[in-house]
Amino acid sequence: MDALSNWITPNESFYVRNHFDSPELEPDGWTLGISGWVEREIRLTQGDLEQMPQASLVATLECAGNGRSFLEGKVPGVQWGAGAVGNAEWSGVQARLLLESAGIEDGALEVVFEGADSGVEGGSEGAVRFARSLPLDMALHPDTLIALRMNGEPLATEHGFPARLVVPGWYGVASVKWLRALRVVDAPYRGFFQSVKYTVRRKTARGISEDVVGMMLPKSEIIRPRPGDCVAPGTRLIEGIAWAGPEAVAAVELSCDGGDSWRRAELVGPQHRYSWTRWQYAWEPPGQGAYSLLARAISASGEIQPSRHNPLHGGYHVNFSRPLEITVTASTAKKPLVFAI
Ligand SMILES: Nc1nc2c(c(=O)[nH]1)N[C@H]1C(S)=C(S)[C@@H](COP(=O)(O)O)O[C@H]1N2
Ligand SMILES: [Mo]
């Protein structure tokens, strides 16, 4: 949890999620190809990218499986606690500059971003390459970056050196690391990481449909106190973070009675779209005893973080408000009295 207590997550504390071994790419031989539904195929070196206009933005990256271990009943996948999320400043070249210099042909629908890593993943028939597509409008969005730097430093190997995609506001899986090619396609891409894996179901008027995991949903975490803490009576500062995918966080609400009543927390420090916002709430416990704390984020467009997990989302989109149990006690004992037998 310490990694979550700064507005910017230091690179060495930023979570790492790799499906295969990290490829160790040599900057000298590395190129990024742009091909497919384009007027002219191009190939860029790291030096070419460095010489293009650079853009920077701060964005929160959250793994779509973050929080999975808190689900009732075991769900397959990495059993993440709360820590598969971080906030960094990403710098590099707008993806649209590359796509525009290749010239997109009429009829183009999506852009496939291919990583240099491949391997066998549960449920795959043979080796699969890590690749994900974006609809053309997202690939051309000015904030979609081919990032070369993370918090001002060249990307570390595990974060995608020498270049990775960053799709602000989307779950981390969209931000393909170790990029080696952009392929413009004229049909929906159905790669392994957006068909067999990383999809969620949704109820529609005509039944259940399947969507590719995309935009991050509103979510908050309580950073302090920690689960099981015993705190003395008196005013206590409850602190946390909240994010709302492509939107800014409009408000964070806190409940100290298991969800019966909610109060506004105070937003602290920078507050903008794509990036998490820190918050705090000065709480005066009404008396000694056990308390269940809950936080919920509200996005700029009014979407409220839910109190229950949507079972149609399986092991992804785990953004329900998770109760945090603490004890308020005047006793100096470290543990709640009930455990101090
Ligand atoms: N090439 C490649 N890109 C990838 C992945 C991967 O396994 N290979 N993992 C994805 C997932 S699921 C996440 S959550 C983020 C994690 O980025 P990080 O390791 O820099 O935190 O990278 C994404 N990009
Ligand atoms: Mo992820």
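These values consider heavy atoms only, across backbone and side chains, with no hydrogens, waters or symmetry-generated copies. Just so you know, residue 1 is the first one in the sequence shown, and it goes up from there. Note that ligands are numbered from 1 as they come in the structure, with each ligand's atoms numbered from 1 the same way.
- Using a 4.0 Å cut-off between charged side-chain N and carboxylate O, E50 and R149 make a salt bridge.
- Under 4.0 angstrom from ligand 1, there are no non-hydrogen atoms of A174.
- Scanning all protein heavy atoms for the shortest distance to atom 15 (C) of ligand 1 gives G172 O, 3.5 Å.
- Note on E221 versus R322: salt bridge recorded, some NZ/NE/NH1/NH2 to OD/OE distance being below 4.0 Å.
- Looking at N18 next to ligand 1, no N or O pair under 3.5 Å apart turns up.
- Using a 30° and 60° split on the angle between ring planes, Y171 and H317 fall in the parallel class, below 30°.
- Under the side-chain hydrogen bond (donor to acceptor under 3.5 Å, both in side chains) criterion, H19 pairs with R17, Y198, not counting sequence neighbours.
- Aromatic ring centres of Y291 and W283 lie closer together than 6.0 Å.
- Checked by atom type and distance alone, the side chain of R273 pairs as donor or acceptor with a backbone atom of P246 at under 3.5 Å.
- Given atom 9 (N) of ligand 1, the protein heavy atom at minimum distance is R17 O, 3.2 Å.
- Not one N or O on the side chain of R183 forms a donor-acceptor pair closer than 3.5 Å with the backbone of V112.
- A pairwise comparison of heavy atoms in Q305 and A295 identifies OE1-O, 3.8 Å as the closest pair.
- Checked by distance only, ligand 1 and H159 come closer than 3.5 Å through their nitrogen or oxygen atoms.
- Heavy-atom contacts of F14 reach the following atoms of ligand 1: 21 (O) (cutoff under 4.0 Å).
- A single hydrophobic cluster is not seen to contain both F14 and Y274; linkage of ILVMFWY side chains at heavy-atom distances under 4.5 Å, directly or through other members, places them apart.
- In terms of protein heavy-atom proximity, atom 24 (N) of ligand 1 is nearest to S175 O, 3.0 Å.
- In this structure, the protein non-hydrogen atom closest to atom 2 (C) of ligand 1 is F130 CD2, 3.2 Å.
- Remark: distances from the non-hydrogen atoms of Y198 to ligand 1 include one below 4.0 Å.
- Taking the side chain to side chain contact (heavy atoms under 4.5 Å, CB included) definition, one finds that N310 meets it with L312, H313, sequence neighbours left out.
- The residue Y171 has no part lying near ligand 1, judged by heavy-atom distances below 4.0 Å.
- Residue D117 places at least one N or O, backbone or side chain, under 3.5 Å from an N or O of ligand 1.
- The parts of Y15 lying near ligand 1 are both backbone and side chain, judged by heavy-atom distances below 4.0 Å.
- Using a 4.0 Å cut-off between heavy atoms, R164 contacts ligand 1 through its side chain alone, with no backbone atom that close.
- The single protein non-hydrogen atom nearest to atom 11 (C) of ligand 1 is V173 CA, 3.7 Å, given as residue, atom name and distance.
- Among all protein heavy atoms, the one lying closest to atom 3 (N) of ligand 1 is K177 N, 2.9 Å.
- Remark: ligand 1 atoms within the under-4.0 Å shell around heavy atoms of C63 are 14 (S).
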